[in-house]
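Note sheet for the following structure.
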Protein chains: 2
Amino acid sequence: MITMLDVAICAGVSKATVSRVLNGKDVVRKEIKERVYKAIKETGYRPNLLAQQMTTQKTSMIGLVITNEVYNGPYFSTLFYNAAKYCEQHNHRLIFADGKRTFEEEIYAIDFLVGMKCAGVMVYTKYLSACKLDKIVSSSPIPIIALNQKLENNAESSVFINHYLGCLKMMDFLYGMGHSEIAYISGKKNSRSNTARQTAYLEKMAEYGRAADNNMIAQGSWNMQSGYEAAKELINNNSVFTAILAGNDDMAFGVIKALKEAGKRVPEDISVAGFDNAKMGNFFSPTLTTLDVPLEEMFRRAVESILDVHQDEGFSELSGTLVIRESVRKIN
Amino acid sequence: MITMLDVAICAGVSKATVSRVLNGKDVVRKEIKERVYKAIKETGYRPNLLAQQMTTQKTSMIGLVITNEVYNGPYFSTLFYNAAKYCEQHNHRLIFADGKRTFEEEIYAIDFLVGMKCAGVMVYTKYLSACKLDKIVSSSPIPIIALNQKLENNAESSVFINHYLGCLKMMDFLYGMGHSEIAYISGKKNSRSNTARQTAYLEKMAEYGRAADNNMIAQGSWNMQSGYEAAKELINNNSVFTAILAGNDDMAFGVIKALKEAGKRVPEDISVAGFDNAKMGNFFSPTLTTLDVPLEEMFRRAVESILDVHQDEGFSELSGTLVIRESVRKIN
DNA sequence: ATGAAAGCGCTAACAA
DNA sequence: TTGTTAGCGCTTTCAT
């Protein structure tokens, strides 16, 4: 392994000098500088970033914890993509740790990233309770940002998407289009996003005078196949509805497939809507009415908050905006 | 910052002892062990992984370079997902560096990851020439695996998907279904995958007695919108074809949308096929005929090769398997 | 079974 | 402007 010392010897200078020309902070005589560069070339030296970061006590990594086993759809990918994008934009690297399937594993993943001395870590957890996470955030030596979750004691350390509010918007829209008999396809159990949406759904249904009805709710697990199966269940139940609201777009695509197979036209017979504003929604037939969830904005805020370059935008609560397309039809 | 020394003092032992109980390799008296654990709790000590890895000269990171600005679709996400999955499976973390949009930046990204002393790095580059990459791989102190690319001098360091062969399979299938007037939607320019597929397409067309015809090829850029626009171009050209082969599934979805809008039925009037076996292909209407590209297998091999746990499967060349669905119809 | 000390490769404060 | 030296926090001989 070629180290800085090898370069120093080769150039006939001290390590410090090599370090200086590499970092360009201090002034070094031109002639020496060239000698050093030559030595670097000759030796094929590559700085050991690990050593560098250990000395400076600073890294250029930002950690991300997601439960990757849980869900491998476009949504998850978008998370990934945006996280990487904003890290790079601020000249940092994204380092990923899997939260797997228990809260202990989620804690382990966070610990790893903190131990790696990341500049900060973003966590999109599922099993860890808000309360536990709150404590972890409080006692962490580096910034930890909770994504898609509100922390009571560390509000500034969370970027919260208000899915409850978002779903309220969607329900209002459906109602405005004449739909009050709405079925719901739920996402994975114990998912915070789903709980928030389902609560909004139930409240609105009550407001429309429809008591909670188990035949109007089918359990999915976020992916297309589960939406497809859940919709078939709904159809077989002989439930009466004019619209189906799916917990996300992927399931909505599955729903539409199931409806078509059952001989129903969308939106002529049944309207369908989802959440997330997946790109596909614009190309599917019919194009999908959905709620745009500001994932990109979420990561922008998270990364900027970690690196302390946020432009004072106050409390980070987002709810999303309606995207109206063909899949919902006005009735009566 | 609490260090191992603090713990040692608190427990009334030496640093070495603390290290020993933490690593569990050497034997430590039970009583002391407990004292150390207690001290760890009291002090709230967290090991500095950077220091640890710097001493042991070993890290638990695997690097990944992709040009993320280039393409943010399901394909890209699947890459990400599978990379992370296999890293975690072998108890390593995925660390990501963006290759951005020039070969210099790609080199920079690789250098960063090498400098971080990753166990190995996987590169999915676009601008770096095979020859340059080959040299980089040869001179690297750690394993560098080229994804989706064949390296002449370091064949064992590449996991190659033979898109040429894959496209040949697809063309044979289409021909077998009676199609010989086939239009092609190409992926991004200078993409190796696209070049390989397009070459196969042209060769087969020549074989079927169709000379290269610019009106039969439209330029896309991998995403759905580009497929949509490319197909419209094809339609406006008044080109005559019975099938459209898109360079990937996403573009195929765009193509189908364009055809429907132009009043053509798929597959009754025009057949359509793609590549990648995107999940959506099964839910789209019509379901999409495609070629399953073994991305998962690619990353499995890459990670196992880096960690030297491969089960001797010889040269890593993959080509993919046909997935036959509704979007291609037999004619005549 | 435990401690002392050297060393991993680098940066930065201090001297010269 | 350049060199010397002392760490950064950890592991790992080598003694004890």
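Reckoned from all heavy atoms, side chains included, excluding hydrogens, waters and symmetry mates. Residue numbers start from 1 in every chain, and the chains themselves are labelled A, B, ... in the order their sequence lines are given, proteins ahead of strands.
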Can you pull the salt bridge (charged side-chain N to carboxylate O under 4.0 Å, His left out) pairs that have at least one residue in residues 41-58 of chain A, sequence neighbours excluded? A:Lys38-A:Glu42, A:Arg46-B:Asp111
Any residue meeting salt bridge (charged side-chain N to carboxylate O under 4.0 Å, His left out) with A:Arg20, in chain and number order, not counting sequence neighbours: none
Residues at least two apart in sequence or cross-chain that pass salt bridge (charged side-chain N to carboxylate O under 4.0 Å, His left out) with B:Arg192, listed by chain then number, are none
Residues which pass salt bridge (charged side-chain N to carboxylate O under 4.0 Å, His left out) with B:Glu296, listed by chain and number, not counting sequence neighbours: B:Lys85
Please list, in 5' to 3' order, the outermost nucleotides of DNA chain D lying under 4.0 Å from any heavy atom of chain B. D:dG9 to D:dT12
Interatomic distance where CD1 belongs to B:Ile9 and C1' belongs to C:dG3 [whole Å]: 14 Å
For B:Asn162, side chain to side chain contact (heavy atoms under 4.5 Å, CB included) partners two or more places apart: B:Phe160, B:Tyr164, B:Leu165, B:Glu317, B:Ser319
Applying side chain to side chain contact (heavy atoms under 4.5 Å, CB included), name anything that partners B:Met54, two or more places apart in sequence or on another chain. A:Ala51, A:Met54
For B:Ile32, answer base if it contacts any base atom (sugar-phosphate contacts may also be present), sugar-phosphate if it contacts only those atoms, and nothing otherwise; contact means non-hydrogen atoms under 4.0 Å. sugar-phosphate
Using the test salt bridge (charged side-chain N to carboxylate O under 4.0 Å, His left out), find all partners of B:Glu152 that sit at least two apart in sequence or belong to another chain. none
With A:Ser139 via side chain to side chain contact (heavy atoms under 4.5 Å, CB included) - residues at least two apart: none
Partners of A:Thr43 by side chain to side chain contact (heavy atoms under 4.5 Å, CB included), sequence neighbours excluded? A:Ile2, A:Val7, A:Cys10, A:Tyr45
Strictly under 4.0 angstrom, non-hydrogen atoms only: write out the protein contact profile of nucleotides 7-16 of chain C, one letter per nucleotide from the 5' end, B, S or -. BBBBBBB---
If each end axis of the helix from C:dA1-D:dT16 to C:dA16-D:dT1 is fitted on five C1' pair positions, the angle between them, to 10 degrees, is 40°
For the pair A:Glu304 and A:Arg301, find out whether any cationic side-chain nitrogen is under 4.0 Å from an anionic carboxylate oxygen. no
